[in-house]
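Have a look at the structure below, then the notes.
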Amino acid sequence: LFKETLEKQRLEEELAIAREIQQKLLPKDAPKLNNYELAALNIPTHKVGGDYFDYFPIDAQRYVLTVADVSGKGVPAALLMSNLQATLHAMMSADVPLELIVARINNFVYANTTYDKFITFFVGVLDMQENTLTYVNGGHNPPYYFHQDPDGTEPGPFRLLDQGGLLLGMFPGAIYQSETIHLKAGDWIVMYTDGVS
């Protein structure tokens, strides 16, 4: 029993360290952007998990906004989440179309995981000069785009951002599509994982 207690304490310490590392992979504070406000919250169910969100600059005018959810729980999901974070930061470029970047990440995830592991993934590039968001939804819960249309030419107060393709890691060579939306003052985009729904 004493050996089992020591082993359990060791595992708890390792999980605490893993949690600390994982929390450092997530952004601490939202960046202060001209004319835009960002906010995010992550409350893990376990010490470590597979939920991921991020925002980081590509250049002076463009920011990457992303949310993802790795299948499963615990350490395996956390490892895959950290791999996704590193891959996204390494591959993101203003010179490569977003849908091609997502296709490359899909192939990378497929090549480095087993058949039962996959990632739902939403990524967008906010262009603060053009006031646009170009996004790809890789099988993730579609974010809500709330848009107040004063002249009534667009239907409804919101729509779902669901253009994209399959979730990541299921099939090699999957094709993804992007969509660009034009943002106006007062618009909201709400992204979330299945922990919310």
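Fair warning: this is a prediction, and the values are worked out from it, not measured in the lab.
- Ala174 approaches Ala103 most closely through the heavy-atom pair O-CB, 3.8 Å.
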Step by step, work out the side-chain contact (heavy atoms from CB on, under 4.5 Å) result for Leu133 and Leu183.
CA-CA 7 Å; Leu133 179 78; Leu183 302 171; 4.2 Å; yes
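- Under the 4.5 Å side-chain criterion, counting only non-hydrogen atoms from C-beta, Arg62 is not in contact with Leu126.
- Judged by distance alone, the side chain of Asp187 and the main-chain N or O of His147 form no donor-acceptor pair under 3.5 Å.
- In this structure, OH on Tyr55 lies 10.0 Å from CG on Leu33, to the nearest 0.5 angstrom.
- Under the 4.5 Å side-chain heavy-atom criterion for ILVMFWY residues, a single connected hydrophobic cluster contains both Tyr145 and Met191.
- By the 4.5 Å heavy-atom criterion applied to side chains, Val102 and Leu168 are counted as neighbours.
- With a 4.5 Å cut-off on side-chain heavy atoms, Leu161 and Ile189 count as touching.
- Of the possible donor and acceptor atoms, one in the side chain of Asn112 sits under 3.5 Å from a partner among the backbone N and O of Phe108.
- Counting only residues at least two apart or in different chains, salt bridge (Lys or Arg N to Asp or Glu O under 4.0 Å) contacts with residues 164-182 comprise Arg159-Glu179.
- For the pair Ser178 and Val136, the minimum side-chain heavy-atom distance is below 4.5 Å.
- Across all non-hydrogen atoms, the minimal contact from Ala68 to Phe121 is CB-CD1, 3.8 Å.
- A donor-acceptor pair under 3.5 Å is absent between the side-chain atoms of Asn42 and the main chain of Phe53, judged by distance alone.
- The six-membered or imidazole ring of Phe146 lies near that of Phe158, with a centre-to-centre distance under 6.0 Å.
- Scored by the side chain to side chain donor-acceptor pair (under 3.5 Å) test, Asp69 finds no partners at all (sequence neighbours excluded).
- Of the candidates Val67, Leu65, Thr193, Val67 is the only one forming a side chain to side chain contact (heavy atoms under 4.5 Å, CB included) with Phe122.
- The distance from atom NE2 of His182 to atom CG of Asn131, rounded to the nearest 0.5 Å, is 10.0 Å.
- When hydrophobic clusters are built by joining Ile, Leu, Val, Met, Phe, Trp and Tyr residues whose side-chain heavy atoms come closer than 4.5 Å, directly or via intermediates, Phe171 is not grouped with Ile175.
- More than 12 non-hydrogen atoms from other residues, nucleotides or ligands lie less than 6.0 angstrom from CG of Leu160.
- No side-chain heavy atom of Asn83 sits under 4.5 Å from any side-chain heavy atom of Val109.
- Nearest heavy atoms, Pro31 versus Leu38: CG-CD1, 3.7 Å.
- Ring geometry for Tyr192 versus Tyr144: interplanar angle under 30°, hence parallel rather than tilted (30 to 60°).
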Show, in sequence, the C-alpha distance, side-chain angles and deciding distance for Glu99 and Gln177, and conclude whether the side-chain contact (heavy atoms from CB on, under 4.5 Å) test is met.
CA-CA 6 Å; Glu99 60 272 17; Gln177 296 177 338; 5.8 Å; no
Take Met128 and Tyr36 through the side-chain contact (heavy atoms from CB on, under 4.5 Å) test and state the conclusion after the steps.
CA-CA 8 Å; Met128 296 177 290; Tyr36 289 91; 3.9 Å; yes
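- More than 12 heavy atoms of other shown residues, nucleotides or ligands fall within 6.0 angstrom of atom CG in Asp59.
- The structure places CE of Met92 at 13.0 Å from OG1 of Thr87, a figure rounded to the nearest 0.5 Å.
- For Asp162 and Tyr135, the side-chain atoms include no donor-acceptor pair closer than 3.5 Å.
- Side-chain contact between Ile58 and Ser93 is absent, with no heavy atoms from C-beta onward closer than 4.5 Å.
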Show, in sequence, the C-alpha distance, side-chain angles and deciding distance for Ile119 and Leu167, and conclude whether the side-chain contact (heavy atoms from CB on, under 4.5 Å) test is met.
CA-CA 6 Å; Ile119 302 171; Leu167 34 81; over 6 Å; no
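- When all heavy atoms are compared, the tightest approach of Tyr110 to Gly169 is CD1-O, 3.3 Å.
- Scanning all heavy atoms of the two residues, the minimum distance from Thr134 to Leu98 falls at O-CD2, 3.3 Å.
- Counting all heavy atoms, side chain and backbone alike, Asn106 lies closest to Gly173 at ND2-N, 4.1 Å.
- For Phe56, the CZ atom sits in a packed shell: over 12 heavy atoms of surrounding residues, nucleotides or ligands are nearer than 6.0 Å.
- Side-chain N or O atoms of Tyr176 include one that pairs as donor or acceptor with a backbone N or O of Leu166 at under 3.5 Å.
- A donor and an acceptor atom, one from each side chain of Asp194 and His140, are nowhere located under 3.5 Å apart.
- Distance check, rounded to the nearest 0.5 Å: OG1 of Thr113 to CG of Leu84 gives 11.5 Å.
- Using a 3.5 Å distance cut-off with no hydrogens or angles, the side chains of Tyr52 and Asp54 do pair a donor with an acceptor.
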